[in-house]
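Structure, as structure tokens:
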Amino acid sequence: MYKYRSVFISDVHLGSADCQAEYLLDFLATVECDTLYLVGDIIDLIAMQRRVHFPESHQAIVRRIMDIAAGGTRVIYVPGNHDEFMRHFCGQTLSGIELRQKAIHTTADGRRFVVCHGDQFDQVVRCSPLMLLVGDRAHGLLLRLNRWFNAWRRLRKKPYWSLAAWVKTRIGKARSFIRRFEMAALTVAERGHYDGFICGHIHSAGFLRSHEGLYCNDGDWVEHCTALVEQANGCLEILHWSEEPRLVEREPEMPAPEFVRGPRPVIDALTPAFIEQVNAEPK
């Protein structure tokens, strides 16, 4: 059993065929924590409008999370855009699970992080409607290929490997979108006088450190099977969990190169009203 102070997971997409439920069940059975954050898109209500796919493994995840809450772990659920309906219940506690529009997490070493799903930044780093349509359909195809590819790997006794993630890292526009998203989230947190931002949404786990703050993304359980964890000393790490669980990355000690070389990149769409909205007191 692995013990952490805090665990952050998002983009599970229960109710869709792409959810890697077995790996998440194993993770939740193997890890203990004081606080579990569900950082949005836990249930994919959008996918379920097209086709309901909620097998026993998905139901088992719901039961496991409820058992974790009943066992004394604080569970905080911050809904995302795919489970947006749950935002109607923010401010309430259901079956021991606290629903919040956003949360403020204080690490063991005293740093304060804004925690929200991250779909708020779509309006800042948005693509054209045509690119969104093409990207959505291409992503759906990639995920189907990912399922078939990993079914073939399991037959050959090989561990999980994300074909979809590998393809996206080689598309320049996808890398550019991710960096703009990271910069926007980090800048909003800094201007709100927080030490950093923790989110999901873009299915890309990772860190980005500036001189003033730290961006953290916990990834997803569709393509990457990753979680963000906080050690007892406050250090943040990203884990990958499949047949071969491993540490992917520790929070960097030094700022990323773009914060050291030349002027800092500017995110033009970060209006004062938007920054105030994202950094408003959570409820």
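The shown structure was predicted, so the numbers you read here are calculated from the model rather than taken from an experiment.
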(message) Run the ring pair (Phe, Tyr, Trp, His ring centres under 6.0 Å) test on His58 and His53 for me, step by step, so that the C-alpha distance in whole Å, both residues' side-chain angles and the decisive distance to 0.1 Å come before the verdict.
(response) CA-CA 9 Å; His58 293 211; His53 177 84; 5.5 Å; yes
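The pair Glu258-Arg179 meets the salt-bridge criterion, since a charged nitrogen lies less than 4.0 angstrom from a carboxylate oxygen. A salt bridge links Asp119 with Arg87; the closest basic N to acidic carboxylate O contact falls under 4.0 Å. Checked for salt-bridge contact, Arg50 and Asp44 miss the test: no charged N lies under 4.0 Å from a carboxylate O.
The side-chain heavy atoms of Tyr37 and Asp218, taken from C-beta on, include no pair separated by under 4.5 Å. By the 4.5 Å heavy-atom criterion applied to side chains, Tyr4 and Glu230 are not counted as neighbours. Ile76 is not listed as a side-chain neighbour of Leu36, based on a closest heavy-atom distance of 4.5 Å or more. Two residues are said to be in side-chain contact when any heavy atoms from C-beta on lie closer than 4.5 Å; Phe197 and Phe121 meet this criterion.
In this structure, Phe85 and Phe89 have perpendicular ring planes: the angle between them is above 60°, well past the 30° mark.
Taking Glu22 as the reference, nothing meets the side chain to side chain donor-acceptor pair (under 3.5 Å) condition, with sequence neighbours excluded. Judged as a side chain to side chain donor-acceptor pair (under 3.5 Å), and not counting sequence neighbours, the contacts of Trp241 are Asp26.
Residues His203 and His224 place their aromatic rings such that the two centres sit no closer than 6.0 Å.
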Could you list the donor-acceptor pairs under 3.5 angstrom formed between side-chain atoms of residues 65-74 and any protein atom two or more places apart in sequence or on another chain?
| unit_1 | atom_1 | unit_2 | atom_2 | d |
| --- | --- | --- | --- | --- |
| Thr73 | OG1 | Cys33 | O | 3.0 |
| Arg74 | NE | Glu98 | OE1 | 3.3 |
| Arg74 | NE | Glu98 | OE2 | 2.9 |
| Arg74 | NH2 | Glu98 | OE1 | 2.9 |

